[in-house]
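Any value given below was found using the heavy atoms of this structure, including those in side chains, with hydrogens, waters and symmetry copies removed.
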Amino acid sequence: RTTADGPATTGAATMPAATLTLSSDLGLAAPISRPPCDGRYITLLGAAVTTGKYADQIAGLLQQFSGSSYMRTEDVCASLRPRMPDGSDIYVVFYGPFVDVNDACEARAFGPVDAYVKVLDGYSDPTTAIDC
């Protein structure tokens, strides 16, 4: 389900900002997100993997993609790659989570051409995206 402004996030989990006081929060206008590993889907829009540039890169992506959220992958699910091979953190900007995989796939239209969908669970291969 999409709207003219971007993907609808019906079924998305939202938590009060007060519960999101993670040490990995970048101190941006939008608090860091930590969606549950419950089998829902996210549409990944972009990532920051360079130490010292996380905040600037994530802030730019959040501004570019209205209605998006961000997380540090290591804080969330085993289905997401936790770190880069060099050990640096991975912060991602995403739409969702979505209950229906088709909604996550449709949300790719509101992101860059290389946007892709991942499931949030504790066992899926972190190197494999959902085939839309």
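Using a cutoff of 4.0 Å between basic side-chain nitrogens and carboxylate oxygens, D56 and K53 are not scored as salt-bridged.
Open room surrounds CG on D131; 12 or fewer heavy atoms of other groups in view lie less than 6.0 Å from it.
Residues satisfying the side-chain contact (heavy atoms from CB on, under 4.5 Å) test with D121, not counting sequence neighbours, are S79, V119, Y123, S124. A55 is linked by a side-chain contact (heavy atoms from CB on, under 4.5 Å) to L26, L28, counting only residues two or more places apart in sequence or in another chain. A115 is linked by a side-chain contact (heavy atoms from CB on, under 4.5 Å) to T43, L45, R108, P112, counting only residues two or more places apart in sequence or in another chain. With sequence neighbours left out, T128 forms a side-chain contact (heavy atoms from CB on, under 4.5 Å) with D125. Qualifying salt bridge (charged side-chain N to carboxylate O under 4.0 Å, His left out) partners for R83, counting only residues two or more places apart in sequence or in other chains: E74, D89.
A donor-acceptor pair under 3.5 Å is absent between the side-chain atoms of S68 and the main chain of Y95, judged by distance alone.
Rounding to the nearest 0.5 Å gives a distance of 7.5 Å between CG of L62 and OG of S69. Note that CG of D75 is 7.0 Å distant from OG of S23, once rounded to the nearest 0.5 Å.
Applying the disulfide (SG to SG under 2.5 Å) test to pairs two or more places apart or on separate chains, those with a residue in residues 103-132 are C105-C132. Judged as a disulfide (SG to SG under 2.5 Å), the pairs with a partner in residues 24-56 (not counting sequence neighbours) are, in order, C37-C77. Residue pairs meeting the ring pair (Phe, Tyr, Trp, His ring centres under 6.0 Å) criterion with at least one partner in residues 31-61, sequence neighbours excluded, are Y54-Y91. Among pairs with a residue in residues 61-80, none fulfils ring pair (Phe, Tyr, Trp, His ring centres under 6.0 Å), at least two apart in sequence or across chains.
No side-chain heavy atom of D103 sits less than 4.5 Å from a side-chain heavy atom of V99. At least one side-chain heavy atom of P31 sits less than 4.5 Å from a side-chain heavy atom of D25.
The hydrophobic cluster around L120 extends to I42, L44, V49, M71, V76, L80, M84, I90, V92, F94, Y116, counting ILVMFWY residues whose side-chain heavy atoms fall within less than 4.5 Å of a member.
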Please walk me through it: do T127 and R81 pass side chain to side chain contact (heavy atoms under 4.5 Å, CB included)? CA-CA 7 Å; T127 64; R81 185 182 317 229; 3.6 Å; yes
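Contact detail for A107 and F98: the closest heavy-atom pair is CB-CZ, 3.8 Å. Of all the heavy atoms in S24 and R72, the pair that sits closest is CB-NE, 3.5 Å.
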